[in-house]
Amino acid sequence: MERVGTVARTAQGLAIARCPDGDHPEIGQSVVDESLDTVGRVVDVFGPVSRPYVAVSPSNRDGLTALVGQKLYAR
């Protein structure tokens with residue numbers, strides 16, 4: 001598994017995670033949390049090349065705000 005980053009905030013129904021370095025997951029890749037529960041899919045990668053942001057479309061929008069501060073991983 002590849003570390004996506006930590007969720008910094010939510011915006012427009014998406015979880016925005018900051019990558020720890022220049023490595024980032026591909027668009028469409030599945031994203032899980034630390035307990036390996038599926039969170040959603042990567043829909044966009046944006047920002048600086050050295051530490052980009054990743055936008056994740058959540059599987060369950062009800063728990064979107066609970067994702068802030070959590071570490072996410074790509075399968």
Side-chain angles (χ1 to χ4, degrees):
M1 279 193 305
E2 172 186 3
R3 183 167 177 201
V4 172
T6 304
V7 177
R9 63 183 174 276
T10 62
Q12 299 177 354
L14 301 172
I16 309 299
R18 184 82 189 252
C19 293
D21 53 28
D23 292 333
H24 59 79
E26 298 293 321
I27 292 175
Q29 225 172 341
S30 180
V31 176
V32 296
D33 60 12
E34 289 182 315
S35 60
L36 301 179
D37 293 328
T38 301
V39 173
R41 293 202 171 274
V42 175
V43 293
D44 196 10
V45 178
F46 60 95
V49 174
S50 61
R51 285 190 65 206
Y53 289 94
V54 174
V56 177
S57 177
S59 302
N60 180 6
R61 292 187 190 256
D62 293 336
L64 184 61
T65 56
L67 290 176
V68 175
Q70 287 193 16
K71 294 176 184 172
L72 301 180
Y73 301 88
R75 284 201 173 192

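Residues take their numbers from the sequence shown, with the count starting at 1.
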Pairing residues for Arg51 by the side chain to side chain contact (heavy atoms under 4.5 Å, CB included) criterion, not counting sequence neighbours
Arg18
Side-chain touch Gln70/Val39, heavy atoms, less than 4.5 angstrom:
no
For residues 1-12, tabulate all N or O donor-acceptor pairs below 3.5 Å that involve a side-chain atom, not counting sequence neighbours.
{"residue": "Arg3", "atom": "NH2", "partner": "Thr6", "partner atom": "OG1", "Å": "3.3"}

Starting from Val42, can I reach Leu72 by hopping between I/L/V/M/F/W/Y residues whose side chains sit under 4.5 Å apart?
yes
Pairs flagged by side chain to side chain donor-acceptor pair (under 3.5 Å) wherever residues 37-48 is involved - sequence neighbours left out:
Ser35-Asp37
How close do Arg61 and Gly13 get, counting heavy atoms only, and between which atoms?
NH1-O, 2.8 Å
Flag yes if Val54 and Ile27 sit in one hydrophobic cluster, no otherwise; membership is Ile, Leu, Val, Met, Phe, Trp, Tyr, and two members link when side-chain heavy atoms are under 4.5 Å apart.
yes
How far apart are the C-alpha atoms of Arg75 and Val31, what are their side-chain angles, what is the distance that settles it, and do they pass the side-chain contact (heavy atoms from CB on, under 4.5 Å) test?
CA-CA 6 Å; Arg75 284 201 173 192; Val31 176; over 6 Å; no
Go through the steps to decide whether Val43 and Leu14 satisfy the test side-chain contact (heavy atoms from CB on, under 4.5 Å), and finish with yes or no.
CA-CA 9 Å; Val43 293; Leu14 301 172; 4.0 Å; yes
Share the residues that join Val49 in a hydrophobic cluster, the rule being Ile, Leu, Val, Met, Phe, Trp or Tyr side chains under 4.5 Å apart at the heavy-atom level.
none
Could you walk me through whether Asp21 and Ser50 satisfy the side-chain contact (heavy atoms from CB on, under 4.5 Å) test, starting with their C-alpha distance in whole Å, then the side-chain angles of each, then the deciding distance to 0.1 Å, before giving a yes or no?
CA-CA 6 Å; Asp21 53 28; Ser50 61; over 6 Å; no
Please report the closest heavy-atom contact between Pro25 and Val45, naming both atoms and the distance.
O-CG2, 3.8 Å
Taking side chain to side chain contact (heavy atoms under 4.5 Å, CB included) as the definition, give me every residue that meets it alongside Glu34, ordered by chain and number, with sequence neighbours left out.
Lys71, Tyr73
What pairs meet the ring-ring contact (aromatic ring centres under 6.0 Å, His included) rule with one or both residues in residues 27-54, with sequence neighbours excluded?
Phe46-Tyr53
